[in-house]
Structures are given as structure tokens and as C-alpha cells.
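Given the structure is predicted, the values throughout are model-derived calculations rather than measurements.
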Amino acid sequence: MRISYFSRITLIMSLIVLTYSCNNQQNIEGILIKNVTAIDAKNGIQEQTNILIQENKITKIGSTDDFKDIKVSNTIDGTGKFLIPGLWDTHIHMVYDQNLTPAMFDLFLLYGITSVRDTGGEIDLLTPLKQQADNNPKNTPRLKIAGPLLDGVPTVYNGEGRLPKLGVSIPTLAAAREQVLALQKADVDVLKVYEMLPPEIFTSILKLADSLELPVTGHVPLSMDATEAANLGMRSMEHLRNLEFAFVKNWDSLKLSRRTMLKNEEQLSGIELRSNIHDAQRSFAFANEDAKRKKEVLAALRKNQTWQVPTLTIITVAAERFFETPEWRKTFNLVPDTVGNGWVSRLDKYAATPVKPKFREYADWMFKMIGELKAADVKLMAGTDTPIFFLTPGYSLHEELALLVKGGLTPMEALNAATLQPAKYFSMENELGSIEIGMLADLILLGANPLKNIRNTTTIQAVIRDGKVHDKKALDKLKKKLERL
């Protein structure tokens with residue numbers, strides 16, 4: 001069969017184009033996640049997209065056609081899978097139980113927690129952990145630390161009895177200044193104030209922290225009102241703790257009553273005194289909320305951009321008892337035997353006791369508040385208080401997301417609370433929290449859509465930390481390592 005002149009020319013031209021394309025194809029060192037659905041709170045849903053990671057950053061995002069002339073050294077098939085930013089747990093305690101501390105970084109990474117904020121512990125114990133995280137970012141979650149709880153007298157977490165020494169006593173203005181400057185020198189990322197601080201010391205800490213550009217989180221002091229704390233510049237509040245006292249019409253008389261109790265004429269310990277005050281006023285506050293006053297307080301939180309970290313896991317655990325589920329109990333195999341065996345023993349005894357009405361009341365109020373905070377446009381971050389009360393590091397954050405949805409957030413809003421909002425809190429939104437060109441490659445590849453069911457955040461296929469892929473095989477290996485501890 002004879003080939004026409006035109007056909008011969010067409011064939012030659014095609015061969016030339018093919019040869020040119022092959023010779024000009026870019027060979028790139030990097031990771032290409034192909035045909036994945038990317039989800040983040042800033043950009044929404046990007047379907048069937050391709051994400052290029054070089055070194056530790058996202059360098060290109062586009063369609064398959066955008067990558068046709070690029071050959072990448074490592075490709076991951078994202079077909080049918082979902083990519084989200086790495087998760088934060090913004091309320092943890094790395095040294096609450098030092099038997100568990102050596103396993104915590106691995107536990108967080110296993111469950112896709114690529115950043116954590118430690119909200120209280122001895123600075124001498126936390127500093128080497130932060131250095132470890134900084135020196136090995138590809139295998140260790142990012143760690144932000146506060147150092148010890150800055151508390152008044154008596155101090156709640158004073159290290160006596162079964163309480164770890166998470167707090168320090170700040171009896172004077174001079175002591176407050178000395179402690180804050182020492183923590184700044186120790187390179188903390190945030191300060192945490194606590195419940196026994198008197199107003200004048202609390203105010204001095206916030207003023208000094210502001211001058212040092214250190215955000216302040218913590219519990220609203222029992223001697224104060226939440227609106228006062230927000231107006232003074234408190235950057236975030238943990239557990240919604242003592243917020244309830246601000247919502248009643250006679251909030252000022254309640255505050256005066258607390259100040260009388262804080263004189264502590266019975267010389268109670270810090271933990272006893274705090275519990276007595278909560279028991280004396282919490283149920284009354286729940287039952288006597290004033291709509292007008294509540295609206296004013298929430299408006300102050302919104303105006304001052306005071307983040308709330310509800311930690312629903314720790315607040316509702318005594319009522320919801322999700323630790324009794326087989327899925328939760330399985331996670332105890334991942335903590336060191338000295339810890340896991342103790343948890344099981346204590347839980348078996350605890351499970352035999354009925355739920356106290358005050359725990360159910362507190363949990364119901366917390367769930368109701370999530371929807372109200374959302375309606376008032378108050379910023380939220382996801383945190384758990386792990387490892388307190390059998391909250392397995394890493395795994396508990398996924399429960400927190402589910403509880404936030406139960407409280408009224410959409411799955412996307414819950415993801416926002418664990419990704420973009422913590423990044424904004426630390427002024428890192430140009431580095432973390434969304435899937436965009438130039439962002440650090442802290443990502444999670446999921447096998448199912450978290451927007452259809454928030455519990456799909458546990459369907460982890462790979463965790464990418466600082467550009468390093470920890471695939472399913474690597475995660476399984478990490479899991480076996482933890483099981484042997």
C-alpha cells in the first residue's frame with residue numbers, strides 16, 4: 001500500500017513533535033498526588049486535582065493536563081481519595097504522665113496530628129521535647145509550648161498527691177514579671193494563665209505578654225468575669241471554663257461571692273477550693289442564663305477575637321463515656337503497658353458507677369454552647385486535653401471533631417477548627433491550614449470523604465509531615481512499634 005505525500009508529511013511531523021516532547025519533558029524530584037479531591041476550609045473542595053510537593057512545600061496545583069510534560073520521581077494515586085491539611089490538637093499535656101511522654105509524638109503522627117499546642121507543663125521537661133520536634137520535623141509533629149500554668153495561691157496543679165506539677169504560684173506582681181520574662185527567654189510560644197490568679201496579677205501578665213507579643217490562653221480567673229478577661233486581651237479560653245458565670249443577670253454579685261470564697265479561710269488546697277466554687281455556682285449559672293447578658297458576653301468575645309477551645313472530649317467524657325467503646329479500648333494497646341494497664345483497671349471500676357447528674361448537665365450545656373458560639377461568630381479551635389481521663393493522644397482529636405459536629409458545626413467547620421484556625425492563632429496562615437501553592441506540606445490522605453461523615457478523618461491512608469510521606473506501610477510499622485512499648 002502506497003502512502004500519500006500528505007500522509008508521509010503528517011507522520012514525520014508527528015514523530016518530530018513526539019521526539020521534541022520526550023526530549024523536553026521535565027524530570028522533577030518531588031511527590032505528585034494525582035487525581036485527588038482536596039478539601040480545606042479556605043478553598044473548599046478542589047475535585048480531581050493534582051498536588052506537587054517539592055522538598056517541604058506545595059509548589060504546583062492543577063489538572064492532569066497541567067502536568068503532562070512533567071515526570072515526577074514519586075507519584076501517589078489519589079483517585080477516590082481525599083486530601084486535607086494536617087490536623088492540630090490545640091490542647092495537650094506532653095508531660096502530664098511521663099510514662100506516656102515517649103510515645104506521644106508517634107501517637108499524634110499515627111493519627112494525622114501534625115501540630116500540637118501544649119497548654120501546661122514544667123518548662124525544663126518541655127524544652128527538650130520542643131527541641132526534638134524542631135530538629136526532626138519530618139517525623140515529629142510541630143510542638144508549641146506554654147510552659148507551666150501561671151496560677152495564684154493556692155495553686156491547683158501543685159504536684160501534691162496524684163496531681164502533676166503543671167502550675168507555678170505567682171504571689172506578687174514582681175513574681176509575675178520574673179516568671180513571664182523567664183518563659184520568654186525559654187522560647188515559649190504562648191502563656192497560660194489559671195484560675196486562682198487575682199485580677200491585678202492577671203492584668204499585669206497580659207500587659208507584659210502583649211509587649212512581648214506572646215498570646216495568652218487559659219482559664220478565666222475565678223476572681224474575674226469572662227468579658228473583663230477578653231477586653232484585657234486574653235487570646236483564647238480553654239474548656240469554656242468559667243464562661244457560664246458571666247451569662248447570668250447578677251454576674252457581678254456572683255463574682256463578689258467567688259472572691260469571698262477565694263479568701264480561703266478554711267485553708268483548702270487549690271483543687272479543693274476550685275471544686276467548691278464550681279459546685280457552688282455552676283448549676284445555678286446554667287439554670288439562670290440571661291439572654292441579654294449572654295449576647296453581650298459573646299459579642300465581647302467576637303469583638304476581641306478571643307478564640308474558644310471547648311475540649312468537648314474532656315468535658316463530656318464523664319457523661320458520654322465514649323472510652324467504653326471497643327474502638328476506644330483498642331487504642332490502649334498503643335500506649336505503654338504501664339499506662340494502658342492502669343487505664344483499663346481504673347476504667348473498669350469507673351464504668352461500674354452511674355453517671356452523675358452534674359456531669360450530664362455540664363455536657364448538655366457544652367453541646368448547646370457550640371451552636372451558640374457558632375451563631376455569634378466566635379472563633380473556635382479543636383483541642384482535647386489529652387492524655388487526661390483516658391484520652392488517647394491523637395485518636396482523641398478525631399473524637400473531638402465528631403463532638404463538635406454533634407454540637408452544631410458542619411464537618412467543614414470542624415475541620416476549620418483543627419486546621420486553619422490554629423494556624424491563624426499563631427499567625428501561620430501563610431504556611432499552614434490550607435492546600436495552596438507555597439504552603440508547607442503537612443497533609444493527610446484519607447480513604448473516605450470527611451464532609452459526608454466527619455468520622456472519615458480516621459480513614460488515614462498516608463500522613464505527610466514537612467514534605468515526607470508516611471504511607472500506610474510506614475504507619476503500620478509505627479503502630480507495631482507502639483504496640484511493643
Side-chain angles (χ1 to χ4, degrees), residues 55-57 85-149 164-166 182-192 214-215 217 331 334-339 383-388 391-397 418 422-423 425-426 428 431-432 440-444 460 462-471 474-475 477-485:
E55 294 185 354
N56 67 341
K57 290 186 178 181
L87 298 168
W88 283 76
D89 188 332
T90 66
H91 191 120
I92 72 155
H93 294 283
M94 287 291 296
V95 296
Y96 184 88
D97 183 344
Q98 292 181 52
N99 291 315
L100 180 55
T101 300
M104 287 182 71
F105 279 144
D106 285 345
L107 281 164
F108 286 127
L109 193 67
L110 180 67
Y111 287 106
I113 317 303
T114 56
S115 301
V116 293
R117 183 183 67 144
D118 189 286
T119 51
E122 293 181 73
I123 191 65
D124 289 344
L125 298 176
L126 286 170
T127 296
L129 292 172
K130 184 176 182 182
Q131 291 171 345
Q132 178 185 342
D134 289 345
N135 293 336
N136 191 16
K138 297 190 181 299
N139 300 297
T140 310
R142 178 178 294 98
L143 175 61
K144 302 288 187 179
I145 64 172
L149 316 176
K165 186 173 172 52
L166 302 183
L183 289 174
Q184 183 210 25
K185 188 175 181 180
D187 197 29
V188 298
D189 305 284
V190 61
L191 298 175
K192 186 172 181 182
L214 276 174
T217 192
T331 68
L334 302 176
V335 301
D337 285 344
T338 53
V339 177
T384 65
D385 220 357
T386 183
I388 302 175
L391 298 180
T392 308
Y395 185 78
S396 56
L397 191 278
Y425 179 87
F426 282 112
M428 297 181 70
E431 301 175 76
L432 291 170
L440 292 172
D442 281 11
L443 303 161
I444 312 172
I460 298 172
V463 175
I464 301 173
R465 170 70 178 109
D466 197 51
K468 178 180 177 179
V469 177
H470 300 262
D471 60 14
L475 294 176
K477 185 177 179 181
L478 183 59
K479 186 176 181 181
K480 287 180 181 178
K481 170 189 169 184
L482 289 164
E483 288 172 341
R484 288 194 296 267
L485 292 178

Suppose we screen for side chain to side chain donor-acceptor pair (under 3.5 Å). Which residues come up paired with [X], at least two apart in sequence or across chains?
X	value
Arg465	Asp442
Thr331	Thr392
Asn136	Asn139

Looking at [X] and [Y], what are the two nearest heavy atoms and their distance?
X	Y	result
Thr114	Gly86	OG1-CA, 3.3 Å
Ile123	Gly147	CD1-CA, 4.1 Å
Gly394	Ile113	CA-CG1, 3.8 Å
Leu214	Val188	CD2-O, 3.5 Å
Pro137	Asn135	CD-C, 3.4 Å
Val95	Gly121	CG2-CA, 3.8 Å

Q) Are Leu110 and Leu475 close enough, and set up right, to give a side-chain contact (heavy atoms from CB on, under 4.5 Å), and what steps lead you there? A) CA-CA 6 Å; Leu110 180 67; Leu475 294 176; 4.2 Å; yes
Q: Any ring pair (Phe, Tyr, Trp, His ring centres under 6.0 Å) involving residues 116-144? Give me the pairs, sequence neighbours left out, ordered by first then second residue.
A: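 Found none.
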Q.
Show me the pairs that pass ring pair (Phe, Tyr, Trp, His ring centres under 6.0 Å) and involve residues 109-133, at least two apart or across chains.
A.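 For residues 109-133, and leaving out neighbouring residues, the ring pair (Phe, Tyr, Trp, His ring centres under 6.0 Å) pairs sorted by first residue read Tyr111-Tyr395.
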Q | Qualifying salt bridge (Lys or Arg N to Asp or Glu O under 4.0 Å) pairs with a residue from residues 88-99, counting only residues at least two apart or across chains | A |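 For residues 88-99, and leaving out neighbouring residues, there are no salt bridge (Lys or Arg N to Asp or Glu O under 4.0 Å) pairs at all.
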Q.
Strictly by salt bridge (Lys or Arg N to Asp or Glu O under 4.0 Å), give each pair with a member in residues 113-129 just once, sequence neighbours left out.
A.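 For residues 113-129, and leaving out neighbouring residues, the salt bridge (Lys or Arg N to Asp or Glu O under 4.0 Å) pairs sorted by first residue read Arg117-Glu238.
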Results of side chain to side chain contact (heavy atoms under 4.5 Å, CB included) for [X] - residues two or more places apart only:
X	result
Asp134	Lys130
Glu483	Leu334, Lys479, Lys480
Pro85	Asp40, Thr419, Ile435
Lys477	none

State, yes or no, whether a side-chain contact exists between [X] and [Y] at a heavy-atom distance under 4.5 Å.
X	Y	result
Met104	Val116	no
Phe426	Leu432	no
Leu183	Pro148	yes

Please answer whether the main-chain N or O of [Y] pairs with a side-chain N or O of [X] as donor and acceptor at a distance below 3.5 Å.
X	Y	result
His470	Lys138	yes
Asp189	Ile145	yes
Thr386	Ile92	no

Q. Does the side-chain contact (heavy atoms from CB on, under 4.5 Å) test come out yes or no for Lys144 and Trp88, once each step is laid out?
A. CA-CA 11 Å; Lys144 302 288 187 179; Trp88 283 76; 4.2 Å; yes
Q: Please work out whether the ring planes of Tyr96 and His93 are parallel, tilted or perpendicular, with thresholds of 30° and 60°.
A: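 Geometry flag for His93 against Tyr96: tilted rings.
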Which value, rounded to the nearest 0.5 Å, describes the distance between [X] atom [atom1] and [Y] atom [atom2]?
X	Y	atom1	atom2	result
Leu391	Leu397	CG	CG	11.0 Å
Thr119	His91	OG1	NE2	3.0 Å
Leu191	Gln184	CG	CD	9.0 Å
Gln131	Asp187	CD	CG	9.0 Å

Q. With sequence neighbours excluded, what pairs up with Phe105 under the ring-ring contact (aromatic ring centres under 6.0 Å, His included) test?
A.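 Listed in chain order: nothing, the list is empty.
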